[in-house]
Amino acid sequence: MSFSSLGLSEQLVRATTDQGYETPSPIQAKAIPAVLSGRDVMAAAQTGTGKTAGFTLPLLQRLAENPRTGKGPRVLILAPTRELAAQVHDSVALYSKYMPTKSAVVFGGVKINPQMMKLRKGLDVLVATPGRLMDLYQQNAVRFNEVEILVLDEADRMLDMGFIRDIRKILALLPAKRQNLLFSATFSKEIRTLAEGLLDNPVQVEVAARNTAAESIVQSVYPVDQSQKTALLSKLVRDNAWEQVLVFTRTKHGANRLTQKLERDGITAAAIHGNKSQGARTRALADFKQGEVRVLVATDIAARGLDIKQLPQVVNFELPNVPEDYVHRIGRTGRAGESGHALSLVSADEGSMLAGIERLLKKQLPRKSVEGFEPTNNLPLKPKGKPDPSRARNRNGNGGGNGKPAGNGRSFGGKPGGRSGGRSQSGNGGQARRSPQRESA
Ligand code: AMP
């Protein structure tokens, strides 16, 4: 299968070739024809599946097929965080490089005036976070009467972050006749309610079982005392000569503290979290991408949607409170069909969080140890809730799974990404989750 066989124009195919994409990813293979057909789409897809191109390529084509001369925007893409909005906009710009399409991105935390100026010039595609978009609307800087296509990207996170009221206000302002695309990693009751009110007879697209970590990610657990975690992390970074590692902490304060300690150990590090200014976040990410910073320390929400190409290594310095966040975190590695490594430093007090994660994954993660860092307080080896024993591997100690990542270019290739739901109604129902004490980005 190729991008052109999915019905995309020569300009769009050329743009994907420039990116080195060989074949459409499973979500693209399903979403592209659905969006091109003009129908509403409800897609279960996580970051890393190629979902952004899955909606961006066909919507650009729809705009091109039906040129208009208004001031726009004709397409509105809502995203939960500034980083994700910026990345989606980068994709729009990349894929439309051989087309006259004009696009812009607006989000909070930066001056509003330059955004107003951009909007005044007119545009086709607007990518926005909901709060800033409402501010702009209230200041008469944007109108929605020409919107033909609405995309809600990472809708579950938008609800988690409390954007539902802004989203509902925006929906009420859009023309009734339009195409709606809803992308979400999970389908809780709230998302289903939103989808029911929003989508008209949608094509349902689902490519990977919910909460299943990509097979290409090698995962392991290092039981270690809390007090030894920083020293162990420094050792691992050095011994393995990691040049680019994303490390997760639970709190903003923890992220700052760890960054300082690593720097003191002579390892370049930067923190990215909701208390940092937009400038500081953008700078930290850019330094990390360029290899000037070896360790990027992030909280869950700040890391949401980060697309760092071929990130080989993710470390959970602390486990997340919500097991599903573990899957999101480790999804930062092994992107786009590459393989990656995710390891977790787990202290005895995190035993129940680990058990929750292993229950969700339905497997036990291999335990590993480093000489001199064996914990004095032991971690239970067996998770409660009995994972499927046939899938449990390497229950203890130094067992395998230590192969080096084997990159395979820019192809999603291989397996079609597991379960493919077509119009399946099954499976995802209802399980609302969510921790009440999340960071706000
Ligand atoms: P996303 O899930 O949209 O965040 O995309 C994840 C990554 O996959 C991004 O770095 C994209 O550039 C990359 N990507 C998207 N489509 C393809 C493709 N068909 N082949 C290879 N890489 C892709």
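In this text the structure is predicted, and so the values were computed from the model without any measurement. Counting starts at 1 for both ligands and their atoms, in listed order.
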(request) Using distance alone, with no hydrogens and no angle criterion, decide if Y326 and Q219 have a side-chain donor and acceptor under 3.5 Å apart. (result) yes
(message) Looking only at side-chain N and O atoms, does E65 offer a donor or acceptor that is under 3.5 Å from a partner on Q61?
(response) yes
(request) Report the part of F3 (side chain from C-beta onward, or backbone N, CA, C, O) that has a heavy atom under 4.0 Å from ligand 1; answer both or neither where that applies. (result) side chain
(request) Return yes if a side-chain donor-acceptor contact under 3.5 Å exists between R132 and Q115, otherwise no. (result) yes
(request) Check if K51 has a non-hydrogen atom at a distance under 4.0 Å from any atom of ligand 1. (result) yes
(request) With heavy atoms of T52 as the reference, note each atom of ligand 1 found under 4.0 Å away. (result) 1 (P), 3 (O), 4 (O)
(message) Salt bridge check, R157 against D325: does any charged N sit closer than 4.0 Å to a carboxylate O?
(response) yes
(message) Does only the side chain of Q87 get under 4.0 Å from ligand 1, or the backbone, or both, or neither? Count heavy atoms.
(response) neither
(request) For the residue pair F144 and Y137, categorise the inter-ring angle as parallel (less than 30°), tilted (30 to 60°) or perpendicular (more than 60°). (result) parallel
(request) Kindly confirm or rule out an N or O of E22 lying under 3.5 angstrom from an N or O of ligand 1. (result) no
(message) With nothing but distance in play, are any N or O atoms of G50 less than 3.5 Å from an N or O of ligand 1?
(response) yes
(message) List ligand 1 atoms under 4.0 Å from S25, heavy atoms only on the residue side.
(response) 19 (N)
(request) Salt-bridge test for E148 and R178: reply yes if a basic N is under 4.0 Å from a carboxylate O, no otherwise. (result) no
(message) For E196, give me all partners under salt bridge (charged side-chain N to carboxylate O under 4.0 Å, His left out), at least two apart in sequence or on another chain.
(response) none
(request) Go through ligand 1 atom by atom and flag the ones less than 4.0 Å from a non-hydrogen atom of T49. (result) 2 (O)
(request) Report the part of T23 in contact with ligand 1, treating N, CA, C, O as backbone and CB onward as side chain, heavy atoms under 4.0 Å; options are side chain, backbone, both, neither. (result) backbone
